[in-house]
Amino acid sequence: MSEHKFRTMGEQAGRRSWAEPWKIKMVEPLRMTTRAEREQAILEAGYNTFLLRSADVYIDLLTDSGTSAMSDRQWAGMMLGDEAYAGSVNYYHLEEAVQEFYGYKYLVPTHQGRGAEHLISQAVVKKGQYVPGNMYFTTTRLHQEMAGGIFVDVIIDEAHDPQNLHPFKGNIDLVKLENLFKEKGASNIAYVSLAGTVNMAGGQPVSMANVKDVRALCDRYGVKLYLDATRMVENSYFIQQREEGYGDKPVADILREFCSYTDGAWMSGKKDHLVNIGGWLAVNDWDLFEELRNLVVVYEGLHTYGGMAGRDMEAMAIGIRESVSDDHIRARIGQVLYLGQLLTDWGIPIVQPVGGHAIFLDARRFYPHIPQDEFPSQMLAAQLYLDSGIRSMERGIVSAGRDPQTGDHRRPKLELTRLTIPRRVYTEAHMDVVAESINEVYQKREQTKGLKMVYEPQYLRFFQARFEPIQ
Ligand SMILES: *Cc1c(COP(=O)(O)O)cnc(C)c1O
């Protein structure tokens with residue numbers, strides 16, 4: 001895969017491309033559908049791409065969660081699953097990998113990221129306490145709220161502006177954070193919830209300088225700092241590329257240094273770790289670990305498997321080692337940048353700078369004539385599916401849900417449609433097809449109208465809500 005597209009012979013002189021650090025051993029055929037089939041499918045799915053059957057999807061960019069291609073080493077590792085109820089050898093391999101690459105002392109395995117979020121929220125959040133975070137993530141905030149916490153967004157203002165080119169739009173605003181500490185008192189802060197490459201902001205990273213400053217501020221007020229490490233490998237690559245002093249450092253070293261400023265982390269292994277299922281929680285404090293180990297038995301499984309099979313833990317232990325390789329992460333993020341560059345060249349409104357795991361179409365600028373209450377990002381995802389069978393997802397007013405106090409929609413500034421790139425799954429040619437389909441939908445934007453919601457679930461409504469087009 002080339003980082004640069006060379007269009008003239010002159011530009012080819014001295015050209016040095018890089019390519020994916022793997023070759024393909026097994027293929028999975030894709031099914032193409034007709035326009036009529038897709039019209040039927042999206043109608044049945046209530047214009048919600050989460051409700052489509054994957055058999056009706058051509059290129060699936062719904063999520064990078066659990067959709068990675070595993071390596072031959074990981075598949076070999078699956079055969080070494082030690083399915084003992086207690087003390088599986090694979091658990092110890094996983095523990096070793098987390099300790100080596102993330103540096104935390106004590107590991108609690110969970111079935112996936114939200115299992116870990118549930119445990120940490122139940123253990124640490126007291127009713128009425130505030131949980132400041134660098135923008136919200138759906139499941140993270142819900143678990144904090146269900147434990148009685150009140151989420152407060154303390155991300156820098158630049159993060160809410162899809163055209164601002166700040167290199168670290170995931171950073172915490174230290175003034176907002178300190179004001180909250182002062183206003184509410186440190187004892188009313190459960191912990192600071194810091195996420196690497198902030199998903200809802202468009203996959204935007206946090207700088208090393210910022211995590212150091214946040215650590216220092218937390219120390220001054222005696223507040224704990226926990227990390228959502230789900231995409232911290234990708235965050236570490238951006239630090240290597242963008243932050244002074246890190247250009248020569250391996251991604252693995254940057255990851256470990258970043259984690260060293262935090263008191264613990266939760267992880268969805270379904271993202272960075274190149275596996276289809278799995279997660280963990282890791283902390284440095286023994287007493288907290290004891291409590292988490294008690295809780296995990298109730299909700300997930302014994303403390304040496306936490307809802308995973310032995311083979312899942314082995315695949316994840318191997319995936320962790322593969323994920324921190326510089327060649328891997330350059331190819332992974334390089335593919336996202338390739339798609340982003342095509343769309344940018346064609347003048348299609350996307351969140352800039354391009355993030356680590358996905359392209360986010362800016363539906364406010366894509367469909368300026370569709371009001372936010374008529375779900376423009378939801379409609380954009382439906383239109384892309386109708387055009388080519390590509391599946392994306394809404395990240396706007398539907399995902400933001402309702403304010404628990406007022407019951408009204410939360411109306412986020414960012415109204416986005418996300419095209420998430422699975423790791424090691426699609427080729428550059430697939431990215432070309434995706435870009436061309438987006439362009440086609442963009443050319444027809446003025447004819448497109450909004451949606452109305454006809455069914456709304458109580459929790460995480462974006463997963464199952466149903467819509468109808470406004471005539
Ligand atoms: C996916 C994700 C989670 C939740 O993890 P699951 O494995 O889906 O339960 C938490 N935080 C972030 C940033 C995520 O992307």
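Note that the structure is a prediction, hence the values are computed from the model and not measured.
When only modelled atom types and interatomic distance are considered, R15 and S17 share a side-chain donor-acceptor pair under 3.5 Å. With 3.5 Å as the limit, one finds no donor-acceptor pair spanning the side chains of T417 and E394. There is a side-chain donor-acceptor pair under 3.5 Å between T262 and Y104. Residues H166 and N171 bring no donor and acceptor atom of their side chains to less than 3.5 Å of each other. Between the side chains of Q352 and Q163, no donor-acceptor pair is found at a separation under 3.5 Å. A donor and an acceptor atom, one from each side chain of Q112 and S268, are nowhere located under 3.5 Å apart. Neither side chain, R445 nor Q383, offers a donor N or O lying under 3.5 Å from an acceptor on the other.
With a 4.5 Å cut-off on side-chain heavy atoms, I333 and E234 count as touching. Residues Q335 and E428 fail the side-chain proximity criterion, which asks for heavy atoms closer than 4.5 Å. D373 has its side chain within reach of I397: a pair of non-hydrogen atoms, C-beta onward, lies under 4.5 Å apart. Under the 4.5 Å side-chain criterion, counting only non-hydrogen atoms from C-beta, K176 is not in contact with N179. Between R35 and L386, the closest side-chain pair of non-hydrogen atoms falls below 4.5 Å. The shortest distance between side-chain heavy atoms of M453 and R461 falls below 4.5 Å. Using a 4.5 Å heavy-atom cutoff, the side chains of V434 and Y426 are not in contact. In this structure the side chain of E322 reaches within 4.5 angstrom of the side chain of Q74, judged on heavy atoms.
In terms of the salt bridge (Lys or Arg N to Asp or Glu O under 4.0 Å) criterion, residue partners of K452 (sequence neighbours excluded) are, by chain and number, E468. For D161, there are no salt bridge (Lys or Arg N to Asp or Glu O under 4.0 Å) partners at least two apart in sequence or on another chain.
For E446, the CD atom counts as loosely surrounded, since its 6.0 Å shell holds 12 or fewer non-hydrogen atoms of other residues, nucleotides or ligands. A 6.0 Å sphere centred on CZ of R402 holds more than 12 heavy atoms belonging to other residues, nucleotides or ligands. Atom CG of D408 has more than 12 heavy atoms from other residues, nucleotides or ligands within 6.0 Å. Residue-environment remark: CD (E244) stays at or below the threshold of 12 foreign heavy atoms within 6.0 Å.
H430 contributes a side-chain N or O that, together with a main-chain N or O of T427, makes up a donor-acceptor pair within less than 3.5 Å. Using modelled atom types, one side-chain atom of T63 and one backbone atom of S65 make a donor-acceptor pair closer than 3.5 Å. Judged by distance alone, the side chain of Q372 and the main-chain N or O of P412 form a donor-acceptor pair under 3.5 Å. The closest donor-acceptor contact from the side chain of S121 to the backbone of E117 lies under 3.5 Å. A distance-only check finds a donor-acceptor pair linking the side chain of S377 to the backbone of L416 [under 3.5 Å]. The backbone N or O of A41 lies less than 3.5 Å from no partner atom in the side chain of R53, so there is not a single donor-acceptor pair. Panel note: side chain R391, backbone L52; a donor-acceptor pair is recorded below 3.5 Å. With R411 contributing its side chain and G396 its backbone, the two residues share no donor-acceptor pair below 3.5 Å. Without hydrogens or angle criteria, D64 side chain to T420 main chain gives no donor-acceptor distance under 3.5 Å.
Residue pairs satisfying the ring-ring contact (aromatic ring centres under 6.0 Å, His included) criterion with at least one member in residues 194-216, sequence neighbours excluded, are absent. Residue pairs satisfying the ring-ring contact (aromatic ring centres under 6.0 Å, His included) criterion with at least one member in residues 241-262, sequence neighbours excluded, are absent. The list of salt bridge (charged side-chain N to carboxylate O under 4.0 Å, His left out) pairs with a residue in residues 264-283, not counting sequence neighbours, reads D272-R423.
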- Please report the C-alpha distance between D432 and Y338 in whole Å, then the side-chain angles of each, then the deciding distance to 0.1 Å, and finally whether the side chain to side chain donor-acceptor pair (under 3.5 Å) criterion is met. CA-CA 9 Å; D432 288 338; Y338 171 78; 2.6 Å; yes
- Do N134 and V154 pass the side-chain contact (heavy atoms from CB on, under 4.5 Å) test, and can you show the C-alpha distance, the side-chain angles, and the key distance before you say yes or no? CA-CA 5 Å; N134 53 342; V154 291; 5.6 Å; no
- Task: Run the numbers on R141 and D153 for salt bridge (Lys or Arg N to Asp or Glu O under 4.0 Å), then give the verdict.
- Result: CA-CA 10 Å; R141 183 177 63 190; D153 185 8; over 6 Å; no
- Query: Between Y367 and V441, does a side-chain contact (heavy atoms from CB on, under 4.5 Å) hold up when you go through it step by step?
  - Reply: CA-CA 11 Å; Y367 290 141; V441 171; 3.6 Å; yes
- Message: Before you tell me yes or no, could you show the steps for I329 and V324 under side-chain contact (heavy atoms from CB on, under 4.5 Å), namely the whole-Å CA-CA distance, both residues' side-chain angles and the distance that decides it to 0.1 Å?
- Response: CA-CA 7 Å; I329 197 71; V324 298; over 6 Å; no
- Task: Might you work through the side chain to side chain donor-acceptor pair (under 3.5 Å) test for T33 and D56, ending with a clear yes or no?
- Result: CA-CA 7 Å; T33 47; D56 295 331; over 6 Å; no
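The distance between the ring centers of Y102 and H273 falls below 6.0 angstrom.
Remark: W266 CH2 to T140 OG1 distance equals 6.0 Å, nearest 0.5 Å. For the atom pair CD of Q241 and OG of S236, the computed distance is 12.0 Å after rounding to the nearest 0.5 Å. One finds the CG atom of N439 at 11.5 Å from the CG atom of D345 (value rounded to the nearest 0.5 Å). We find the CG-CZ distance between L460 and F463 to be 5.5 Å, quoted to the nearest 0.5 Å.
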Extract all donor-acceptor atom pairs below 3.5 Å that involve side chains of residues 190-212 and protein atoms in other chains or at least two apart in sequence.
| from | atom 1 | to | atom 2 | distance (Å) |
| --- | --- | --- | --- | --- |
| Y191 | OH | Q144 | NE2 | 3.2 |
| S193 | OG | Q144 | NE2 | 3.2 |
| T197 | OG1 | R231 | O | 3.3 |
| N199 | OD1 | H357 | NE2 | 3.1 |
| N199 | OD1 | R418 | NH1 | 3.0 |
| Q204 | NE2 | G202 | O | 3.3 |
| Q204 | NE2 | P353 | O | 2.9 |
| S207 | OG | N210 | N | 3.0 |
| N210 | OD1 | I172 | N | 2.8 |
| N210 | ND2 | I172 | O | 3.0 |

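Ion pairing of D263 with R215 is present here, as a side-chain N (NZ or NE/NH1/NH2) and a carboxylate O approach within less than 4.0 Å. Residues E100 and R256 are not paired through a salt bridge, judged by the lack of any N-O separation under 4.0 Å between the basic side chain and the carboxylate. A salt bridge links D362 to R365: at least one charged side-chain nitrogen sits closer than 4.0 Å to a carboxylate oxygen. Under the 4.0 Å criterion applied to side-chain N and carboxylate O atoms, D403 and R410 are not assigned as salt-bridge partners. In summary, K169 and D157 do not engage in a salt bridge, as defined by a charged side-chain N under 4.0 Å from a carboxylate O.
Among the candidates Y47, F375, F50, the single residue satisfying the ring-ring contact (aromatic ring centres under 6.0 Å, His included) test with F467 is F375. When E37, E44, R38 are each tested for a side chain to side chain contact (heavy atoms under 4.5 Å, CB included) with Q40, only one passes: E44.
Figure legend: cation-pi geometry between R395 and F462, with NZ or CZ positioned under 6.0 Å from the six-membered ring centre and within 45° of its axis.
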